[in-house]
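Accompanying notes for the structure given below.
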Amino acid sequence: MTSRFDQVENRKGTSSMKWDAVDKLYEGEDLWPMWVADMDFPAPPQVIKAIQEEVGRGIFGYPVRSASVDTAVQSWVKRRFNWNVDAEQLVYTSGVVPAIAQIIKRFTEPGDKVIIQPPVYYPFFNVVTNQDRKLIENPLVFDGTHYRMDLDHLQSVIDQETKILLLCSPHNPVGRVWTEEELKQLAEICIKHDLLVISDEIHCDIIFKGHEHIPTATLSDEMSQRTITCMAPSKTFNLAGLQTSYTIIPNPALRRKFKNHLSQEFLNMFHSIGAVAMEAAYTDGESWLEEFLRYVEGNVQFVKAYIEEHMPKIKVIQPEGTYLLWLDCSGLGMTAQERKKWLTEQAKLALSNGIVFGKEGEPFERMNLACSRNSVNEGLKRLKNAYDSLK
């Protein structure tokens with residue numbers, strides 16, 4: 001049975017970073033892009049229709065915050081995570097990373113310490129160091145098939161200068177969906193040491209069967225008061241170019257300070273068409289999302305079976321969420337630089353090189369599976385041809 005997601009969309013020549021910038025960025029030719037985390041799928045039809053109607057009005061003046069957008073967001077997090085969020089707790093931003101940067105800027109001082117847990121989404125490094133804050137790393141523990149947080153090490157690196165834990169949940173790139181027990185143990189440490197938690201939950205809607213996303217702020221009243229949650233429809237519905245996201249801040253003092261900071265920085269406006277798209281996605285996009293989840297999980301199974309059969313020196317780390325697949329390439333016996341050159345020149349394939357997610361990611365590559373099965377197959381064939389040349 002065919003799916004809407006089987007259709008191959010030609011994104012070349014559309015100012016797509018993924019497709020039109022890949023050869024330049026990777027210094028190659030005719031590369032097949034399975035790197036940056038956006039989809040090769042159109043947004044849900046209801047979203048496209050809502051945008052078209054908004055554009056059809058022809059006026060693009062300054063917007064004001066809409067109660068219907070608030071309601072859509074509130075309804076979404078209630079349906080998906082059983083989380084009751086008051087409208088006043090929502091603070092809209094132009095993206096999750098810009099929000100994280102401003103939170104760090106407002107709630108820390110130069111020289112303060114911020115903890116991240118690599119291998120992790122690579123902007124987490126610069127979003128800390130670019131603001132003269134000290135980056136503290138608490139690497140995840142990898143047992144060859146599975147990742148966990150190192151809570152003993154975490155406690156050992158916290159001191160009086162440590163102000164923030166920057167959490168990636170679900171975790172990009174390793175695909176972990178943290179369990180309630182794991183998060184509760186983490187919460188105990190954050191409460192004990194009075195840490196502010198920035199919880200990047202942008203991948204929270206992309207969760208596979210048998211797993212459940214638990215918003216960090218819902219663990220307890222204490223955690224709700226020390227957590228700023230960052231969410232967006234961008235990964236879920238392929239809306240990254242509309243630069244629309246939101247934070248959920250239950251603590252009124254934190255919320256007031258953050259809103260005032262955004263105003264002072266002239267960052268308190270939002271994208272009017274992005275808001276329309278988000279409302280439509282959260283109101284009418286749920287069936288599209290469920291179909292997408294089934295499709296991308298099928299992509300994961302397809303890639304896993306193909307690699308196990310044809311490229312046994314590469315190991316697939318089974319994801320629990322996200323549409324990003326973490327590949328252990330240590331069996332190839334290459335350095336990160338050697339592997340990048342091999343992928344670019346021999347495979348003609350652009351993956352996200354694991355080293356950019358921290359030194360712990362050196363033996364790995366990240367593969368984006370938010371594309372048609374035919375596109376996945378093309379990438380795998382290129383990879384296999386290069387793999388076979390190693391024999």
Side-chain angles (χ1 to χ4, degrees), residues 34-39 80-81 96 116-124 138-150 166-183 186 199-216 230-232 234-236 238 240 289-290 292-308 311 314-331 351-371 373 376 379-380 383:
M34 300 182 77
W35 61 295
V36 70
D38 73 4
M39 303 180 188
R80 304 302 292 190
F81 315 116
V96 164
I116 65 171
Q117 302 189 103
V120 71
Y121 181 47
Y122 55 87
F124 276 24
N138 180 52
L140 301 179
V141 176
F142 181 56
D143 65 7
T145 58
H146 188 76
Y147 282 89
R148 64 175 175 83
M149 289 184 275
D150 191 340
L166 179 48
L167 178 66
C168 194
S169 180
H171 196 98
N172 169 18
V174 308
R176 277 302 318 277
V177 176
W178 304 118
T179 65
E180 185 173 13
E181 182 58 31
E182 286 174 308
L183 290 170
L186 180 68
S199 193
D200 175 358
E201 303 185 15
I202 195 169
H203 292 277
C204 63
D205 297 314
I206 305 170
I207 307 296
F208 297 143
K209 291 176 185 175
H211 303 281
E212 178 185 6
H213 175 72
I214 309 291
T216 307
C230 300
M231 291 181 169
S234 48
K235 299 299 180 195
T236 312
N238 206 23
L289 173 60
E290 294 302 328
F292 167 77
L293 289 172
R294 291 191 295 272
Y295 191 86
V296 78
E297 196 159 7
N299 277 349
V300 170
Q301 294 164 356
F302 177 72
V303 172
K304 194 168 187 290
Y306 189 102
I307 287 179
E308 286 176 352
M311 295 172 276
I314 300 174
K315 306 297 182 185
V316 174
I317 307 305
Q318 184 66 39
E320 299 167 351
T322 83
Y323 53 70
L324 306 165
L325 197 60
W326 195 230
L327 303 175
D328 182 354
C329 301
S330 55
L351 304 178
S352 292
N353 309 124
I355 192 69
V356 304
F357 303 97
K359 60 183 179 294
E360 296 79 9
E362 196 275 344
F364 295 84
E365 299 288 335
R366 192 190 75 175
M367 177 181 281
N368 179 352
L369 297 185
C371 53
R373 195 70 42 80
V376 172
L380 289 174
L383 185 59

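Residue numbers start at 1 and run along the sequence shown.
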With side chains defined as the heavy atoms from C-beta onward, is the minimum distance between Leu167 and Asp200 less than 4.5 Å?
-> no
Result for ring-ring contact (aromatic ring centres under 6.0 Å, His included) between His171 and one of Trp178, Phe142, Tyr147 points to Trp178
Quick one: does Val174's side chain get under 4.5 Å of Ile317's, heavy atoms only?
-> no
Could you list all the salt bridge (charged side-chain N to carboxylate O under 4.0 Å, His left out) pairs where at least one residue sits in residues 166-178, not counting sequence neighbours?
-> Arg176-Glu182, Arg176-Glu320
Hey, could you give me the CE/OG1 distance between Met231 and Thr236, rounded to the nearest 0.5 Å?
-> 9.5 Å
Closest non-hydrogen atoms of Leu293 and Ile207, given as atom of the first, atom of the second and distance, are CD2-N, 3.9 Å
Atom CG of Leu351 and atom CE of Met367: how far apart are they, to the nearest 0.5 Å?
-> 5.0 Å
Report the C-alpha distance between Val296 and Phe208 in whole Å, list the side-chain angles of each, state the deciding distance to 0.1 Å, and finish with yes or no for side chain to side chain contact (heavy atoms under 4.5 Å, CB included).
-> CA-CA 9 Å; Val296 78; Phe208 297 143; 3.6 Å; yes
Nearest atoms (heavy-atom pairs only) where Cys168 meets Asn172 = SG-N, 3.4 Å
With side chains defined as the heavy atoms from C-beta onward, is the minimum distance between Ser352 and Glu365 less than 4.5 Å?
-> no
Over all heavy atoms of both residues, which pair between Gly175 and Thr322 is shortest? Give the atoms and the distance, please.
-> CA-OG1, 4.4 Å
Closest heavy-atom pair, Glu201 versus Ser199, reported as atoms and distance to 0.1 Å, is OE2-OG, 2.6 Å
Residue pair Asn299 / Cys371: nearest heavy atoms and the distance that separates them | ND2-O, 3.0 Å
Pair Arg294 + Glu290, salt bridge at N-O below 4.0 Å = no
With no hydrogens and no angle check, is any side-chain donor or acceptor of Asp150 less than 3.5 Å from a backbone partner on Leu140?
-> no
Please examine the side chains of Lys235 and Tyr323, heavy atoms only from C-beta on, and report whether any two atoms are closer than 4.5 Å.
-> yes
Does a side-chain heavy-atom distance below 4.5 Å link Leu325 with Asn368?
-> no
Can you measure from CG (Leu369) to CD (Gln301) and round to the nearest 0.5 angstrom?
-> 11.5 Å
Decide yes or no for Pro170 and Val177: does some side-chain heavy atom of the first lie under 4.5 Å from some side-chain heavy atom of the second?
-> yes
State the SG-CD1 distance between Cys230 and Ile202, to the nearest 0.5 angstrom.
-> 9.0 Å
Who pairs with Asp328 by salt bridge (Lys or Arg N to Asp or Glu O under 4.0 Å), at least two apart in sequence or on another chain?
-> none
Minimum heavy-atom separation for Arg373 to Gly298, with atom names?
-> NH2-C, 3.7 Å
Approximate separation, where rounding is to 0.5 Å, of His213 NE2 and Arg80 CZ = 11.0 Å
Under a 4.5 Å cut-off applied to non-hydrogen side-chain atoms, are Leu327 and Arg366 in contact?
-> no
CG of Leu383 to OH of Tyr306, rounded to nearest 0.5 Å, is 8.0 Å
Using a 4.5 Å cut-off on heavy atoms from C-beta on, say whether the side chain of Phe81 contacts that of Asp205.
-> yes
When Phe357 is tested against each of Phe124, Trp326, Phe364, Tyr121 for ring-ring contact (aromatic ring centres under 6.0 Å, His included), which residue passes?
-> Trp326
